[in-house]
Amino acid sequence: MKTHISVIVWNEFQHERENPAVGAIYPDGLHQAIASALRRTPALPATGTATLEVGTATLDEPEHGLSEARLAACDVLVWWGHKAHDQVDDAVVERVQRRVLEGMGLIVLHSGHFSKIFRRLMGTNCSLKWREADERERVWVVEPSHPIAAGLGEHFELPAEEMYGERFDIPKPESTVFISWFEGGEVFRSGCCWERGHGRIFYFRPGHEAYPTYHDANVQRVLANAVRWAAPRVNIVDSCPMSPPLEPIAAKAGGFARVGIVQGKGDIE
Ligand code: ZN
């Protein structure tokens, strides 16, 4: 297991600068609140004791702060986006996808369900029901043995959040760690895990910008656990090579493979 995990917290960083009410909750931006929580929250035995080295990146930086070199050194990327999904460059999305397939972890938060990178990796619409009505959210831990649930009780509550309701149009999660219940009656798969290529992906629902959700100790615990869970186990750059045989292959009567080549387009002599 790695002793250091390099984390980038990415944020579009729009609401905090445009809406004073949001800026009052996150004066330095959601990304800084999340990053400092990750630095402060101690590791638990269930997720290993690797030290987190946490940096940030935002939409307005060149290449959105996600250059080839920076992503190559990144173990886990945390993603918060909402109103500017369309402004994320497709080349950067492609680069992030490739790094996930190589082994980088990706944590997608809240409205990131509609981000280009999440929809691309899921292959579905990722749509859901929503409502902004200051509702109580009760997050149920349905897989208490999962490392992302370490240190949590049977459930925890957020006094006010945006509602997200089923059906959430995602591929069937490989693990569903949390299910949320909302005051208005809906439920939602709010903590879901997948693997794509060699990388691990975790989607975590809470985190509407108008509420102090990322200041909540249970939410901070989930994020600290998730980053350690998603850390790469391998880093494998993709290739698709012609493979020479390990041992001599006996000649076959009829030479089927060669006949196939000859009967093809004649591109191999
Ligand atoms: Zn929201």
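Order of appearance sets the numbers: ligands from 1, and atoms from 1 within every ligand. If you're wondering where the values come from, they're calculated on a predicted model, not measured in any experiment. The first residue in the sequence is number 1, and the count goes up from there.
A donor-acceptor contact under 3.5 angstrom links the side chains of Ser180 and Glu137, judged on distance only.
Formation of a donor-acceptor pair under 3.5 Å by the Trp10 side chain with backbone atoms of His64 is found in this model. The backbone N or O of His208 lies less than 3.5 Å from a partner atom in the side chain of Glu161, making a donor-acceptor pair.
Residues meeting the ring pair (Phe, Tyr, Trp, His ring centres under 6.0 Å) test with Tyr164, sequence neighbours left out: His110, His113, Phe188.
Partner Phe118 forms a ring pair (Phe, Tyr, Trp, His ring centres under 6.0 Å) with one of Phe204, Trp79, Phe202, Trp194 and no other, that one being Trp194.
Residues Arg131 and Glu186 are paired through a salt bridge, judged by an N-O separation under 4.0 Å between the basic side chain and the carboxylate.
Listed by chain and number, His110 NE2, Glu162 OE1, His208 ND1 are the protein N/O/S atoms closer than 2.8 Å to the Zn ion (ligand 1), with waters left out.
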